[in-house]
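In what follows, a structure is listed as structure tokens, so that the remarks can point back to it.
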Amino acid sequence: MDGTRLTLQDGNRRADVGSLVIPRRDGVLRKLKLTMSEQTAIGKRVILFIMLGLTAWGIYHTVGIFRSEDDASKAIVKAAVVFVAMALFLGWWGALLFVFKRRQEKRLRNQDEQDRT
């Protein structure tokens with residue numbers, strides 16, 4: 001296998017660590033010989049399915065906590081904590097996916113502009 005030389009740099013010091021071999025990994029979608037747009041569409045569906053599953057799981061636990069408590073005020077607080085934690089997690093994950101997508105699109109636009117020049 002071909003390797004890439006790995007050099008670590010700390011300030012003005014450089015250290016040649018040696019050869020780093022990164023094996024090529026063919027994912028399941030690549031083995032199916034799908035186009036990039038088909039892979040992207042499947043990936044979006046998978047992420048949506050996972051997010052919907054996590055939402056259903058969070059709602060299930062929220063309802064379970066609410067129904068298990070005798071004191072209504074405690075039940076509302078506990079259920080709200082679980083629901084807000086789930087919502088914050090999914091919101092954070094969605095925001096990270098959005099930022100990643102924008103960076104990737106910007107990188108592709110820059111590459112296209114460089115290829116044209």
Side-chain angles (χ1 to χ4, degrees):
M1 270 195 217
D2 292 334
T4 303
R5 297 298 291 175
L6 180 63
T7 304
L8 299 178
Q9 186 168 351
D10 180 24
N12 293 331
R13 296 180 295 170
R14 289 182 97 170
D16 190 11
V17 177
S19 182
L20 175 67
V21 177
I22 301 172
R24 182 171 177 213
R25 294 185 182 172
D26 288 335
V28 174
L29 296 178
R30 287 195 181 108
K31 288 181 182 178
L32 294 175
K33 305 291 185 206
L34 299 173
T35 64
M36 192 58 130
S37 62
E38 291 171 333
Q39 289 180 23
T40 303
I42 291 172
K44 285 181 181 179
R45 286 189 200 126
V46 168
I47 289 175
L48 179 64
F49 180 74
I50 291 170
M51 285 187 159
L52 289 175
L54 287 172
T55 301
W57 179 76
I59 291 171
Y60 174 78
H61 283 283
T62 301
V63 170
I65 288 171
F66 185 76
R67 294 183 72 196
S68 69
E69 279 291 328
D70 292 333
D71 186 12
S73 62
K74 274 187 179 179
I76 291 172
V77 170
K78 285 183 177 182
V81 167
V82 170
F83 188 75
V84 167
M86 184 266 315
L88 286 173
F89 171 75
L90 289 176
W92 180 250
W93 187 19
L96 289 175
L97 287 172
F98 177 75
V99 168
F100 175 74
K101 180 182 174 188
R102 288 190 49 155
R103 284 185 182 172
Q104 192 174 22
E105 288 172 351
K106 184 178 179 182
R107 189 177 316 126
L108 288 174
R109 278 195 308 267
N110 288 342
Q111 284 179 349
D112 287 344
E113 289 174 5
Q114 288 177 355
D115 290 343
R116 289 181 191 157
T117 58

Next on the checklist: To the closest 0.5 Å, what do you measure between CG (Leu52) and CD1 (Ile47)?
Outcome noted: 12.0 Å
Next on the checklist: If I compare all heavy atoms of Met86 with all of Gly58, which pair ends up nearest, and what's the gap?
Outcome noted: CG-CA, 4.1 Å
Checklist outcome for this item: In this structure, CD of Glu105 is separated from CZ of Phe100 (nearest 0.5 Å) by 10.5 Å
Checklist entry - For the atom pair CZ (Arg109) and CD (Gln104), what is the distance rounded to the nearest 0.5 Å? => result 11.5 Å
Checklist entry - Should the ring pair His61 and Trp57 be called parallel, tilted or perpendicular, given that the plane angle runs from 0 to 90° and is split at 30 and 60? => result perpendicular
Item to check | Transitive ILVMFWY side-chain link Val63 to Val77, under 4.5 Å | outcome: no
Item to check | Single-linkage hydrophobic cluster, 4.5 Å side-chain cutoff, Ile65 and Val84 together | outcome: no
Item to check | Separation between CD1 of Ile59 and CG of Leu54, rounded to the nearest 0.5 Å | outcome: 11.0 Å
Checklist entry - Is Phe89 linked to Val81 within one hydrophobic cluster, defined over Ile, Leu, Val, Met, Phe, Trp and Tyr using a side-chain heavy-atom separation of less than 4.5 Å? => result no
Checklist entry - Within a strict 4.5 Å, meaning less than it, do heavy atoms of the Thr55 and Phe83 side chains meet? => result no
Checklist entry - Got a second to check how far Gln114's CD is from Gln111's CD, nearest 0.5 Å? => result 7.0 Å
Item to check | Residue pair Ile50, Trp93: steps toward the side-chain contact (heavy atoms from CB on, under 4.5 Å) verdict | outcome: CA-CA 11 Å; Ile50 291 170; Trp93 187 19; 3.5 Å; yes
Checklist entry - Glu113 versus Asn110: any side-chain heavy-atom pair under 4.5 Å? => result yes
Item to check | Exercise: identify the closest heavy-atom pair between Phe66 and Ala79 | outcome: CB-CB, 4.2 Å
Checklist entry - Which heavy atom in Leu97 sits nearest to a heavy atom in Met51, and how many Å separate them? => result CD1-CE, 4.1 Å
Checklist outcome for this item: Output for pair (Ser73 OG, Lys78 NZ), nearest 0.5 Å, gives 10.5 Å
